[in-house]
Amino acid sequence: MICTGSAAAPTLWRLCTGAWWPLSAYGKKISIRFCSSRMTLDNINRAAVDRMIRVDHAGEYGANRILAGQMAVLGRTSVGPVIQKMWDQEKAHLKKFNELMVAFRVRPTVLMPLWNVMGFALGAGTALLGKEGAMACTVAVEETIAHHYNNQIRTLMEEGPEKYEELLQLIKKFRDEELEHHDTGLHHDAELAPAYAVLKGAIQAGCHAAIYLSERL
């Protein structure tokens, strides 16, 4: 639910108790609603917040494309439901960042068309190695994203945890779900993928490059 505040100030959204969030990875609904907070477009570090939301939106978009590619190859196999569950969560992440892009007036990265193609190709390509390859991709990507989210959490804590409470709650929740995806990948034999260490390192190098570029372009 979106609660409107005073028209006199451009207030942003805050997470607080109220409306239902989609199912978490634990199978429980999380009660969250958006309402006006003390955050305004004037009292936040606009440059830092813009970079965070832009790159997180790009990352969640890329994750969706990776999982779409994996489902195109493995959707009808025994691991299909596992991939679909992760994809459903990533869709919820992307939906929320689409909303934040509007609320914080952030433009998307100009590299979205590239991440569209490369994300799907990475997902489908690793899935062609079998479920182990797909899960190795998941472990590599989610480990990188979780580390990236932890860096953002530290930055927001240094800037002011009360002022950025809504973003902190959101990023912590998404980080925890990405870590669950990472563990799911390990549970489903990611480390048995061909040349696992090399594959993981190459994917993570690509992820770091994508993060760097998406923050800036």
Between [Y] and [X], is there a side-chain donor-acceptor contact under 3.5 Å, judged purely by atom types and distance?
X	Y	result
His93	Asp56	no
Trp115	Ser214	yes
Glu132	His188	no
His208	Gln204	no
Asn64	Glu60	no

Apply salt bridge (charged side-chain N to carboxylate O under 4.0 Å, His left out) to [X] and list each qualifying residue two or more places apart in sequence or on a separate chain.
X	value
Asp189	Lys131
Lys95	Glu99
Glu143	Lys200

Does a side-chain heavy-atom distance below 4.5 Å link [X] with [Y]?
X	Y	answer
Tyr164	Met157	no
Val106	Leu100	no
Asn98	Val102	no
Pro108	Tyr61	no

Can you tell me how far the [atom1] atom of [X] sits from the [atom2] atom of [Y], to the nearest 0.5 Å?
X	Y	atom1	atom2	answer
Asn45	Leu156	CG	CG	9.5 Å
Leu111	Met118	CG	CE	10.0 Å
Arg51	Thr155	CZ	OG1	8.5 Å
His147	Thr144	NE2	OG1	8.5 Å
Ile145	His182	CD1	NE2	11.5 Å
Glu165	Leu170	CD	CG	12.0 Å

[X] versus [Y], closest heavy-atom pair with distance:
X	Y	result
Glu90	Glu178	OE2-OE1, 2.7 Å
Arg54	Arg107	NE-O, 3.1 Å
Ile211	Val55	O-CG2, 3.6 Å
Cys137	Ile203	CA-CD1, 3.7 Å
Leu199	Gly133	CD2-O, 4.4 Å
Ile153	Leu168	O-CD2, 3.8 Å

Common cluster, [X]/[Y], ILVMFWY with side-chain heavy-atom separation under 4.5 Å:
X	Y	result
Val141	Leu186	no
Leu114	Val110	yes
Tyr196	Val79	no
Ile66	Met71	no

request  = Establish, for the pair Lys85 and Trp87, whether the NZ or CZ atom is under 6.0 angstrom from the six-membered ring centre and no further than 45 degrees off its axis.
outcome  =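 So Lys85 doesn't make the cation-pi contact.
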ask   = Are more than 12 heavy atoms from other residues, nucleotides or ligands located less than 6.0 Å from atom CE of Met101?
value =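 More than 12 heavy atoms, drawn from other residues, nucleotides or ligands, come within 6.0 Å of this atom.
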task = Just say parallel, tilted or perpendicular for the rings of Phe97 and Tyr149, cut-offs at 30° and 60°.
result =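 If you compare the ring of Phe97 with that of Tyr149, the planes turn out parallel.
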